[in-house]
There are 2 protein chains.
Amino acid sequence: MYSIHTFPGIRMTAPSPLSALTTRNTRLFTLLLERELKKTGLRIGQLPVLQALQDGKTLNQKALADFADIEQPGMTTLLARMERDGLIQREPDPTDRRSTLVTLTPDGQRKSRNIVPAMEHLTDMALKGFTPLERDILVTLLERINSSLKSQL
Amino acid sequence: MYSIHTFPGIRMTAPSPLSALTTRNTRLFTLLLERELKKTGLRIGQLPVLQALQDGKTLNQKALADFADIEQPGMTTLLARMERDGLIQREPDPTDRRSTLVTLTPDGQRKSRNIVPAMEHLTDMALKGFTPLERDILVTLLERINSSLKSQL
DNA sequence: TCCAAATACATAACATGTTATGTATTCTAT
DNA sequence: ATAGAATACATAACATGTTATGTATTTGGA
């Protein structure tokens, strides 16, 4: 249940510096991450799929949509693009003819290994000057907000 | 320079609980805000335009794109949809024939007055149980991250 | 003054998501 | 055993953004 998202945007000032700040931070994360990923030929929407299929794992499209926290049609079109670009393979599930099994190609596996270093680099930049205590406090407060908002879904 | 965004998404676990949390919070804010706005017939991408043109203000499309922190072509298509839906009016700038002046229609003005209450409601839900001190700490930490990331753009 | 650069907008192609809907397959309860 | 519900996927129409590019107008420097 954790998911960055490529994301477009809203912009508001008052009365919500809080949502303005979190969304602004997400915007900045996303822009910088996309720039970082561009060097490796990956797109930001592809990350959850690459992560879910690491180490040769196989999932069907529904499981991938659930993992990425997007709707099924969005995952279908994402996977079509990734298959076109040679990052994944799709084959019919022999045990359920409704289902399609997805795996990474060797190229997808190789490229997926660039993701973690890129994310680490970004996190280091974001938390520059933070003490370990400050970092913990921030995570705790964000988790409380996360929990409050999730309960409203 | 503060802006929520409608936003699609990424999803990552390790090594970045921080970016995972902020982006997850943005995702939740966005989903809940869209749900709230749906009652009023507004879309989330329209918010910065409605805010920028409050109180009868007039801006050209470039100024609106800058305010919303999106590229000019994105603003052009957004405004075309908003004009189609009767929220804004566009007229040629008499002093510069390259430029188009944008204002809210009466319907746009009326609907824009629903935004602040919706945002306030969301912020209250997000910060449920927070003391004023906790709220201040959170804002301070987010502003520091914001500043660090912005300096990398 | 006038030409080159800058500016404002539009259009096209695309990525990434959303609903709404349709089709094929599987499951389940009588 | 089978009919109806549930599941997995696909397709269409759309919103919201991005680059790349083109056009028309304005500006500014030799």
Side-chain angles (χ1 to χ4, degrees), chain A residues 3-11 23 26-27 30-35 37-38 41-49 59-85 87 90-102, chain B residues 3-11 23 26-27 30-35 37-38 41-49 59-85 87 90-102:
Chain A
S3 164
I4 312 176
H5 281 99
T6 51
F7 112 91
I10 320 162
R11 168 177 204 141
T23 54
T26 303
R27 175 67 160 172
T30 305
L31 287 174
L32 291 169
L33 184 55
E34 280 222 296
R35 182 188 299 174
L37 287 174
K38 199 160 280 179
L42 294 177
R43 301 288 311 243
I44 210 160
Q46 303 167 346
L47 297 192
V49 174
L59 290 175
N60 67 19
Q61 302 192 177
K62 176 56 161 56
L64 285 170
D66 288 346
F67 182 81
D69 206 21
I70 64 175
E71 301 301 321
Q72 168 263 316
M75 182 54 71
T76 294
T77 61
L78 171 61
L79 290 173
R81 290 191 300 273
M82 291 181 74
E83 188 173 43
R84 177 201 64 192
D85 297 342
L87 294 172
R90 289 195 280 189
E91 50 181 341
D93 182 341
T95 74
D96 184 341
R97 281 186 295 171
R98 294 169 303 181
S99 186
T100 302
L101 297 179
V102 185
Chain B
S3 165
I4 313 176
H5 282 97
T6 51
F7 111 91
I10 321 162
R11 170 182 201 139
T23 54
T26 302
R27 174 67 159 172
T30 305
L31 288 174
L32 291 169
L33 184 55
E34 281 222 296
R35 182 188 300 176
L37 288 174
K38 200 158 281 179
L42 295 176
R43 301 290 309 242
I44 210 157
Q46 302 167 345
L47 297 192
V49 174
L59 291 175
N60 67 22
Q61 303 193 175
K62 176 58 162 54
L64 285 171
D66 289 345
F67 181 82
D69 206 22
I70 64 175
E71 302 300 321
Q72 169 263 316
M75 182 53 72
T76 294
T77 60
L78 172 61
L79 291 173
R81 290 191 301 271
M82 290 180 75
E83 188 174 43
R84 177 202 65 191
D85 297 342
L87 294 172
R90 289 195 281 188
E91 50 182 341
D93 183 341
T95 75
D96 186 341
R97 282 187 294 172
R98 295 169 303 181
S99 188
T100 302
L101 298 179
V102 185

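By convention in this document, chain letters (A, B, ...) are assigned in the order of the sequence lines, proteins followed by strands, and residues within each chain are numbered from 1.
- Between A:D85 and B:K38, the residue anchored nearer the 5' end of DNA chain C, judged by the nucleotide with its closest heavy atom, is A:D85.
- With rounding to whole Å, B:E34 atom CD is found 10 Å from C:dG17 atom C1'.
- An OP1 or OP2 oxygen of C:dC14 is reached within less than 4.0 angstrom by no side-chain nitrogen or oxygen of A:R81.
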- [ ] Report, as a single string ordered 5' to 3', how protein heavy atoms within less than 4.0 Å touch nucleotides 6-12 of chain D: B base, S sugar-phosphate only, - not at all.
- [x] -BSBBB-

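- As rounded to whole Å, 6 Å separates atom P of D:dG17 from atom CG of B:L78.
- Looking at heavy-atom distances under 4.0 Å, B:R84 makes contact with sugar-phosphate atoms alone, never a base.
- What separates CG of B:L33 from C1' of C:dT18 is a distance of 15 Å, to the nearest Å.
- Nucleotide C:dA15 holds its C1' atom 12 Å from the CD1 atom of A:I70, rounded to whole Å.
- Remark: B:D66 CG to B:E71 CD distance equals 9.5 Å, nearest 0.5 Å.
- If you take CG on B:L64 and CG on B:L78, they are separated by 9.0 Å, rounding to the nearest 0.5 Å.
- Take B:D96 and apply the side-chain contact (heavy atoms from CB on, under 4.5 Å) test, not counting sequence neighbours, and it matches B:D93, B:R98, B:S99.
- At a threshold of 4.5 Å between non-hydrogen side-chain atoms, the residues A:L87 and A:V49 do not count as touching.
- Spacing between atom CG of B:D69 and atom P of D:dT16 amounts to 17 Å, rounded to whole angstrom units.
- Using modelled atom types, one side-chain atom of B:N60 and one backbone atom of B:K62 make a donor-acceptor pair closer than 3.5 Å.
- Inter-residue side-chain proximity for B:L79 and B:T100 is flagged as unmet; no heavy-atom pair is nearer than 4.5 Å.
- In this structure, CG of A:L42 is placed 10 Å from P of C:dT16, rounded to the nearest angstrom.
- Separating the CZ atom of B:R43 from the C1' atom of C:dT19 is a distance of 10 Å, rounded to the nearest angstrom.
- Positionally, the nearest nucleotide of DNA chain C for A:M75 lies more toward the 5' end than for the other of A:M75 and A:T95.
- Rounded to whole Å, atom C1' of D:dC14 lies 17 Å from atom CE of B:M82.
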Task: side chain to side chain donor-acceptor pair (under 3.5 Å) between B:R81 and B:Q46, worked out - done: CA-CA 10 Å; B:R81 290 191 301 271; B:Q46 302 167 345; over 6 Å; no

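- The side chain of B:R97 lies closest to D:dT26, out of C:dG17, D:dT26, D:dG17.
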